[in-house]
Amino acid sequence: MRAGTDRRTPIRTLLAGAADGAPVRVTGWVKTSRFSKNVSFVHLFDGSTPQTVQVILDVDQAEAFKTRLGIGAAVAITGTWKASPGGHQAFEVAAGAIEIVGDCDPSDYPIQRKATSLEHLRTLAHLRPRTNTFQSVFRVRNAASWHIHRFFQERGFMWVHTPIITASDAEGAGEMFEIVAGDPPFFGKRTFLTVSGQLAVENFAQAFTDVYTFGPTFRAENSHTPRHAAEFWMIEPEIAFANLDDVIALAEAFVKEVTLATIADCEGDFDFFDQRIEPGVKAAVIGAVEQPFHRVTWHEAQKILVGVQRDWEYPVGPGTSLQSEHERFLAEEYFKGPVFVTNYPADQKAFYMRLDDALTDGVATVSATDLLVPRIGEIIGGSQREERLDVLDDRIRAHGLEPEGYWWYRDLRRYGTTPHGGFGLGLERLLLWMTGMKNIRDVLPYPRTPGNAEF
RNA sequence: GCCUGCAUAGCUCAGUUGGUUAGAGCAACGGACUGUUAAUCCGUGUGUCCCUGGUUCGAGUCCAGGUGCGGGCGCCA
């Protein structure tokens, strides 16, 4: 019986430099295998790296196990780490003992040793993590999540676990899923799944100064696009004693550092995206974050759009709103990189965004910003918050809401309030941008979209 | 929610103006061969042509409805 410490050596660790001749125990799943008269090869993956490890079988081992070492089989192999005569790897495992831990019949295993469409793999959400693409996607998702926390923690931000269940039924960010448990209602009032932790986290910013949330968020919108999901993960920092410029500076530093650190951690995965998913994406993303992000006011952006000779599907200019086609033009063609659009008309934005002191071209604006990136469009929405109670009340009423319903949010404006702000960033949209993946359903482990919650 | 496209073998697809036994590549399986690398070569099998109804001598093909999936737009992250 093996000792607990001998459970396995991750393939990533082996490839990073195990000693020649060292005894190893490698566990994983068969990626491919080739059998011939003299020597046979089995390639294993275990999720620790995009690379496989090659295992060498002698004639007797091949004869004994060849029918059980097809794609998908779970195996544990003890053997020796030794230099490889083959051209594609420096070292390999010479098999000693071979254990078939879990058989897998290739004739009806849904994952094939060939290219398979992402659409088809969505119907195999339980098995697609074993494919190259999803191995890379979810390693990158993990690395990005880690660097998101690291970015904030290194700067003294406190992670606040804002509630999933909320009674704020008008957070202004979309349709909500209602919780129907209990009759009378379990919580004594109507409750919903959160669409944003922002209102809740603002309170903590007025106590801990720099805070953030990072967790699942829910929208009951009937959206059918590659960029929308009913359940997604959002990062929402909130900072006190801060204005819109501080929020933008934070957002820019955040996107840049998280992106570069994630790519540095997952070089092999990004090489895969670059070669198989979106040619050129790696250099384009790195290039984008090595320069200052552009910045333009909403009114300036409209002037740019009006000056372009183009048949817009939607109108541009004063009184219009930025549509997807306009956002993509600004990020992809005009600025050719990430761009912050600021100071949107007040009637286009949520009630909690701070009203600017002066009108622009006769239009009331708010200290809000969206970060637009090529291919994706908006990945960040943020603002300075309205800290003046009388203005906030006017804005709440202007949105057809009742100030009384926001009594605790309003309280913050009465007791030692500060100028403050923050932003929300969709994790999946950041991942789409970094990796070149095209559909949000392919960067969520088990995507929830209208009509789809099978897994 | 609006608009639009698609549905044929395990997967990706072709299938002509409606015509008789519906095809290819890959995968799988069998064999040969090879320190192989998405190996290569030879061979083998594979179908509720999404469902229901209609038109027709005859429907994978045309029509209607339904179902499923994708894409564009809106909402937003």
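To find a chain, count down the sequence lines: A is the first, B the second, and so on, and within it residues start at 1. Predicted, not measured: the structure shown is a model, and the values here were computed from it.
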S.K.: Shorter than 3.5 Å, N or O on both sides, protein versus nucleotides 2-9 of chain B: list them out with atom names.
M.R.:
none

S.K.: Select from A/Asn439 and A/Ala230 the residue whose nearest nucleotide in RNA chain B is closer to the 5' end of that strand.
M.R.: A/Asn439
S.K.: Can you tell me how far P of B/rU36 sits from NE2 of A/His43, to the nearest Å?
M.R.: 11 Å
S.K.: For nucleotides B/rC13 and B/rU8, find the distance between their C1' atoms and express it as a whole number of Å.
M.R.: 9 Å
S.K.: Testing A/Gln54, A/Gln51, A/Glu92 one by one against A/His43 for a side chain to side chain contact (heavy atoms under 4.5 Å, CB included), which residue passes?
M.R.: A/Gln54
S.K.: In chain order, what residues pass the side chain to side chain donor-acceptor pair (under 3.5 Å) check against A/Ser367, with sequence neighbours excluded?
M.R.: A/Asp356
S.K.: Applying a 4.0 Å non-hydrogen cut-off, can you work out what A/Gly87 is touching in the nucleic acid: base, sugar-phosphate, or nothing?
M.R.: base
S.K.: Suppose we screen for salt bridge (Lys or Arg N to Asp or Glu O under 4.0 Å). Which residues come up paired with A/Glu325, at least two apart in sequence or across chains?
M.R.: none
S.K.: For the side chain of A/Arg113, counting heavy atoms from C-beta on, which of B/rG35, B/rA39, B/rA38 is nearest?
M.R.: B/rA39
S.K.: Tell me, please, which residues at least two apart from A/Arg113 pass side chain to side chain donor-acceptor pair (under 3.5 Å).
M.R.: none
S.K.: In dot-bracket form, 5' to 3', how is RNA chain B paired? Count Watson-Crick and G-U wobble pairs only if both distances fall under 3.5 Å, and write | where the partner sits on another strand.
M.R.: (((((((..((((.....[...)))).(((((.......))))).....(((((..]....))))))))))))....
S.K.: Between B/rG35, B/rC73, B/rA28, which nucleotide gets closest to the side-chain atoms of A/Val39?
M.R.: B/rG35
S.K.: Roughly how many Å apart are B/rC75 and B/rA39, using the P atom of each and rounding to a whole number?
M.R.: 48 Å
S.K.: Please state the C1' separation for the pair B/rC49 and B/rG15 - nearest whole angstrom.
M.R.: 11 Å
S.K.: Using the benzene-type ring in the case of Trp, are the ring centres of A/Phe232 and A/Phe218 under 6.0 Å apart?
M.R.: no
S.K.: Cut-off 3.5 Å, no hydrogens considered: what does the side-chain donor-acceptor table look like for residues 248-255 of chain A, sequence neighbours left out?
M.R.:
from: A/Glu252; atom 1: OE2; to: A/Lys256; atom 2: NZ; distance (Å): 2.8
from: A/Glu252; atom 1: OE2; to: A/Phe293; atom 2: N; distance (Å): 3.0

S.K.: Would you kindly compare A/Pro85 and A/Arg276 by the position of their nearest RNA chain B nucleotide and give the one closer to the 5′ end?
M.R.: A/Pro85
S.K.: Under the ring-ring contact (aromatic ring centres under 6.0 Å, His included) rule, collect the residues that match up with A/His120, sequence neighbours excluded.
M.R.: none
S.K.: Any idea which of B/rG74, B/rA39, B/rG35 is nearest the A/Thr32 side chain?
M.R.: B/rA39
S.K.: May I ask you to evaluate whether A/Arg34 reaches the phosphate of B/rU40, defined as a side-chain N or O under 4.0 Å from OP1 or OP2?
M.R.: no
S.K.: If you check every side-chain atom of A/His228, which of B/rC75, B/rU37, B/rG74 has the closest atom?
M.R.: B/rC75
S.K.: Between atom CG in A/Asn38 and atom P in B/rC33, what is the gap in whole Å?
M.R.: 9 Å
S.K.: Would you please name every residue forming a side chain to side chain donor-acceptor pair (under 3.5 Å) with A/Asp210, sequence neighbours left out?
M.R.: none
S.K.: Which part of the nucleic acid does A/Thr52 contact within heavy-atom distance under 4.0 Å: base, sugar-phosphate only, or nothing?
M.R.: nothing
S.K.: What is the distance from NE2 of A/His326 to P of B/rC76, rounded to the nearest Å?
M.R.: 15 Å
S.K.: Check every atom of B/rG35, B/rG70, B/rA28 against the side chain of A/Arg122 and return the nucleotide holding the closest atom.
M.R.: B/rG70
S.K.: Has A/Arg429 got a side-chain N or O lying under 4.0 Å from the OP1 or OP2 atom of B/rC76?
M.R.: no
S.K.: Consider the side chain of A/Lys37, meaning its heavy atoms from C-beta on, and name the nucleotide among B/rC33, B/rC29, B/rC73 that approaches it most closely.
M.R.: B/rC33
S.K.: Applying ring-ring contact (aromatic ring centres under 6.0 Å, His included) as the test, list every pair that has at least one member in residues 82-113 of chain A; sequence neighbours left out.
M.R.: A/Trp81-A/Phe91
S.K.: Should A/Asp245 and A/Arg295 be marked as a side chain to side chain contact (heavy atoms under 4.5 Å, CB included) after you check the CA-CA gap, both sets of side-chain angles, and the distance that decides it?
M.R.: CA-CA 11 Å; A/Asp245 289 332; A/Arg295 185 167 164 169; 2.6 Å; yes
S.K.: What pairs with A/Gln112 under side-chain contact (heavy atoms from CB on, under 4.5 Å), at least two apart in sequence or on another chain?
M.R.: A/Lys114
S.K.: To the nearest 0.5 Å, what is the distance between CG (A/Leu427) and CD1 (A/Ile235)?
M.R.: 5.0 Å
S.K.: If you take the centroid of each ring, where Trp contributes its six-membered ring, are A/His294 and A/Tyr334 closer together than 6.0 Å?
M.R.: no
S.K.: Rounded to the Å, how far apart are A/Asp58 CG and B/rG35 C1'?
M.R.: 14 Å
S.K.: Whole-Å distance between B/rU36 P and A/Gln89 CD?
M.R.: 10 Å
S.K.: Taking atom P in both B/rG45 and B/rG25, compute the distance separating them and give it to the nearest angstrom.
M.R.: 14 Å
S.K.: Ignoring backbone atoms, test whether A/Thr225 places a side-chain nitrogen or oxygen under 4.0 Å from the OP1 or OP2 oxygen of B/rC75.
M.R.: no
S.K.: Tell me whether the ring of A/Phe232 lies stacked over the B/rA77 base, given a 5.5 Å limit on centroids and a 30° limit on the plane angle.
M.R.: yes
S.K.: Quick test: give all pairs of protein nitrogen or oxygen and nucleotides 11-15 of chain B nitrogen or oxygen below 3.5 Å, distance rounded to 0.1 Å.
M.R.:
from: B/rC11; atom 1: O2'; to: A/Lys114; atom 2: NZ; distance (Å): 3.4
from: B/rC11; atom 1: O2; to: A/Lys114; atom 2: NZ; distance (Å): 2.7
from: B/rU12; atom 1: OP1; to: A/Ser117; atom 2: OG; distance (Å): 2.8

S.K.: Any idea which of B/rG1, B/rG71, B/rU36 is nearest the A/Arg441 side chain?
M.R.: B/rG71
S.K.: Taking atom C1' in both B/rU36 and B/rU46, what distance in whole Å separates the two?
M.R.: 29 Å
S.K.: With sequence neighbours excluded, tell me which residues meet side chain to side chain donor-acceptor pair (under 3.5 Å) with A/Thr162.
M.R.: none
S.K.: Send over the distance from A/Lys66 NZ to B/rC29 C1', rounded to a whole Å.
M.R.: 12 Å
S.K.: Expressed as a whole number of Å, how far does the C1' atom of B/rG35 sit from that of B/rG71?
M.R.: 47 Å
S.K.: When you get a sec, tell me which of B/rG35, B/rA77, B/rC75 is the closest nucleotide to the side chain of A/Met234?
M.R.: B/rA77
S.K.: Looking at B/rG74, B/rA28, B/rU37, which one has an atom nearest to any side-chain atom of A/Tyr314?
M.R.: B/rG74
S.K.: Give one of base, sugar-phosphate or nothing for A/Pro226, where a contact means two heavy atoms less than 4.0 Å apart.
M.R.: sugar-phosphate
